[in-house]
Amino acid sequence: MSSCKKENTANDTPKDTAVKSYHENFRPQYHFSPEAHWMNDPNGLVYNDGTYHLFYQFYPDSTVWGPMHWGHATSEDLKNWKNEPIALEPDELGYIFSGSAVVDHNNSSGLGTAENPPLIAMFTYHEPKGAEAKTLDYQYQGIAYSLDNGKSFTKYTGNPVVPNNENLIDFRDPKVFWHEDSNKWILVLVAGDRAMIYNSDNLIDWTYLSEFGKDIGAHGGVWECPDLFPLTVEETGETKWVLFISINPGAPNGGSGTQYFIGDFDGKQFTTSQTDEKWIDLGRDNYAGITYNNLPDEERTFIAWMSNWEYGQETPTEKWRSAMTLPQKVSLHKNKDYFLANTPVASITEGLSDVSIDISREQNTSSFSYKNLNQAVITFKLPKPLKDFKINVGNADGEELTISFDAQAAKYSLDRSKSGLTDFSDKFALPIMEAPADFIDSDSAEFQIFLDASSIEFFADNGANAITAQFFPEKPYTQFSITTEDEVKNLKITPIPSIWKNNN
């Protein structure tokens, strides 16, 4: 769960509207967003029996944060999503904050059977009266189990399974996974300014092992939403462990952001020699992301909340508020140092056709017009080493996004100050987002720009750099240009159809 916001129990979303769901102003057409009401962190990302589950922090009575539930959506391909009934609701132990889910294949918990192993969700209980009274033990961890692949959950009668006996503040956001080498379930959660690691034989009885991070990494705000997993380094074949830690506030460009650490994990302790801060995405709207458990191909697929706590409750949507990033494949690389790359999963564009466009070129600028760029991906390649370039995407009314690369500083930037509606919050338009560049060792760099109705996801140099940002144009963007001394190759646009056309 991301930092608590002022509760608003009033339902400020109209029950009846003349506009069909998923056709409202600013409504994403190929990103997941709830049909109505408030959403934040992704929870319980797990694949089971052909289904990708996306649980998420959800308040079904308003479009701002309130008593947290777990919303639920499912997909067979990580592109087309189906809304499901609410999975977990608050009870006498508290609200249902963030967490994770696993398939208990061997029924180690005893909550299913060998023939029908349970899907186990682990989450933070947040007891609101204790929080209001400023007690120190109002957050603790509980579990629930499903015997019908997530359609319904039963809460464990012995909750909490990880009580808060040490009176730890911000003791939350459990991520659970099976660790083959130690033959144990591993739990990593956060407590204010550090991550804490536990293990278990049965997902019920947990033993504390170690902590990480009290004096390492960025600490401008509370640590949240940890994730710990192994990845193979593409260039060397070695295996390293990655630890995600979301932080709010304290991100480099303001507000919320997700940092990561590359190191080693021995089944008990995570260690790293990393001294610099690393961030999975340096846009202002990629937060609280975690990866899927139980994927069949052992790849790492990541989804994040596409917003920022500085203005997330003020964005100019009406019936719903917030969307998720595209699901992204995470890969580990080594150049001078280790770093992550992330690119949208292949299913987002599989089977789609490029549009034939007329590209005009003059004074180092390649440009084209298209009827609606707010539902498309633009791709191109540039030779290395990269030279300065500037990208503009906008409309005839002067609304535009600007993406730049400064070769001397090895830095990308994204400016949304003229992108459309910005005055709903004095923290939205500025600062300009800046992103120090990592480089994959290759002769050319591939770029992808995914535009939806109110978001841009910019992936540079085959995903070595990512910048995600919301924007709210009053008219669709129709114009694209890139100015550079380099030759722009393979410039093309691919429209992406709505995934919601069958919902109405």
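Throughout, numbering of the chain's residues begins at 1 and tracks the sequence.
Residues that satisfy the side-chain hydrogen bond (donor to acceptor under 3.5 Å, both in side chains) test with D227, not counting sequence neighbours, are K175, T291. The side-chain hydrogen bond (donor to acceptor under 3.5 Å, both in side chains) check on E399 picks up N395, with sequence neighbours excluded. With sequence neighbours left out, F244 forms a ring pair (Phe, Tyr, Trp, His ring centres under 6.0 Å) with F229, F302. Residues satisfying the side-chain hydrogen bond (donor to acceptor under 3.5 Å, both in side chains) criterion with T379, sequence neighbours excluded, are absent altogether. The side-chain hydrogen bond (donor to acceptor under 3.5 Å, both in side chains) test applied to R416 returns D285, Y311, not counting sequence neighbours. With sequence neighbours excluded, no residue forms a ring pair (Phe, Tyr, Trp, His ring centres under 6.0 Å) with Y140.
When every heavy atom of G94 is checked against every heavy atom of P128, the shortest pair comes out as CA-CD, 4.2 Å. Nearest heavy atoms, Y47 versus V103: O-CG2, 4.0 Å. The minimum heavy-atom distance linking N202 with I204 is given by the pair OD1-N, 2.9 Å. In plain terms, the two heavy atoms of L451 and Y30 that are nearest each other are O-OH, 2.8 Å. Pairing each heavy atom of T325 with each of M306, the nearest pair is N-CB, 3.9 Å. The two residues L189 and L187 make their nearest non-hydrogen contact at CD2-CD2, 4.0 Å.
Taking the six-membered ring where the residue is Trp, W70 and F123 present perpendicular rings, their angle passing 60° and hence far from 30°. The aromatic rings of F261 and W223 are tilted relative to each other, their planes meeting at an angle between 30° and 60°.
Rounding to the nearest 0.5 Å gives a distance of 10.5 Å between CD1 of I403 and CG of D415. Distance check, rounded to the nearest 0.5 Å: CG of N149 to OG1 of T74 gives 9.0 Å. Here the CZ atom belonging to F428 is positioned 5.5 Å from the OG atom belonging to S419, to the nearest 0.5 angstrom. Separating the CD atom in E457 from the CZ atom in F459 is a distance of 4.5 Å, to the nearest 0.5 Å. Distance check: N164 CG to I169 CD1 gives 7.5 Å after rounding to the nearest 0.5 Å. Taking CG of D452 as the reference point, atom CZ of F450 lies at 11.0 Å (rounded to 0.5 Å).
In this structure, R172 forms no cation-pi arrangement with F97, as its terminal cationic atom is not both closer than 6.0 Å to the ring centre and no more than 45° off the ring axis.
In summary, the aromatic rings of F458 and Y412 are positioned with their centroids under 6.0 Å apart. Residues F265 and W241 place their aromatic rings such that the two centres sit under 6.0 Å apart. Y95 and H69 have their aromatic ring centers separated by at least 6.0 angstrom. Centroid-to-centroid, the aromatic rings of Y59 and H37 stay 6.0 Å apart or farther.
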Chi angles and distances behind the side chain to side chain contact (heavy atoms under 4.5 Å, CB included) call for K319, Y22 = CA-CA 10 Å; K319 183 181 177 181; Y22 294 98; over 6 Å; no

Dump the intermediate steps for side chain to side chain contact (heavy atoms under 4.5 Å, CB included) on Y287 and S307, then the final yes or no.
-> CA-CA 7 Å; Y287 189 62; S307 196; over 6 Å; no

Going through the distances and angles, do Y292 and L78 end up as a side chain to side chain contact (heavy atoms under 4.5 Å, CB included)?
-> CA-CA 11 Å; Y292 268 89; L78 287 173; 3.9 Å; yes

Q57/N40 under side-chain hydrogen bond (donor to acceptor under 3.5 Å, both in side chains): CA gap, chis, key distance, verdict | CA-CA 5 Å; Q57 292 285 276; N40 55 286; 4.6 Å; no

Might you work through the salt bridge (charged side-chain N to carboxylate O under 4.0 Å, His left out) test for E310 and R284, ending with a clear yes or no?
-> CA-CA 10 Å; E310 285 199 332; R284 299 191 68 200; 2.2 Å; yes

Yes or no on side-chain hydrogen bond (donor to acceptor under 3.5 Å, both in side chains) for S21 and E35, after CA distance, side-chain angles and deciding distance?
-> CA-CA 6 Å; S21 296; E35 185 174 10; 3.1 Å; yes

Check step by step if side chain to side chain contact (heavy atoms under 4.5 Å, CB included) holds for I120 and L111.
-> CA-CA 9 Å; I120 305 284; L111 297 174; 3.8 Å; yes

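With no hydrogens or angles considered, a side-chain donor-acceptor pair links D77 and S75 at under 3.5 Å. Between the side chains of W305 and S322, a donor-acceptor pair is found at a separation under 3.5 Å.
Enclosure of atom NZ in K240 by more than 12 non-hydrogen atoms of other residues, nucleotides or ligands within 6.0 angstrom is indicated. Within a 6.0 Å radius of CG in N80, more than 12 heavy atoms belonging to other residues, nucleotides or ligands are found.
The backbone N or O of G255 lies less than 3.5 Å from no partner atom in the side chain of N308, so there is not a single donor-acceptor pair. Side-chain atoms of K155 do not come within 3.5 Å of backbone N or O of A144 as any donor-acceptor pair. Using modelled atom types, one side-chain atom of W206 and one backbone atom of L203 make a donor-acceptor pair closer than 3.5 Å. Panel note: side chain Q29, backbone I499; no donor-acceptor pair is recorded below 3.5 Å. Put simply, the side chain of D281 gets close to the backbone of T468: a donor and an acceptor are under 3.5 Å apart. For the pair E127 (side chain) and G130 (backbone), a donor-acceptor distance under 3.5 Å is present. Judged purely by atom type and a 3.5 angstrom limit, Q375 uses its side chain to pair as donor or acceptor with the backbone of I496.
Using a cutoff of 4.0 Å between basic side-chain nitrogens and carboxylate oxygens, E314 and K427 are not scored as salt-bridged. Salt-bridge check for E132 with K129: failed, with every basic side-chain N at 4.0 Å or more from each acidic carboxylate O.
In this structure, L231 and S331 have side chains that are not in contact, with every pair of non-hydrogen atoms separated by 4.5 Å or more. Proximity of T301 to V330: side-chain heavy atoms (C-beta onward) are nowhere separated by under 4.5 Å.
Paired with H72 under the rule side-chain contact (heavy atoms from CB on, under 4.5 Å), one option of F58, F55, F153 passes, and it is F55.
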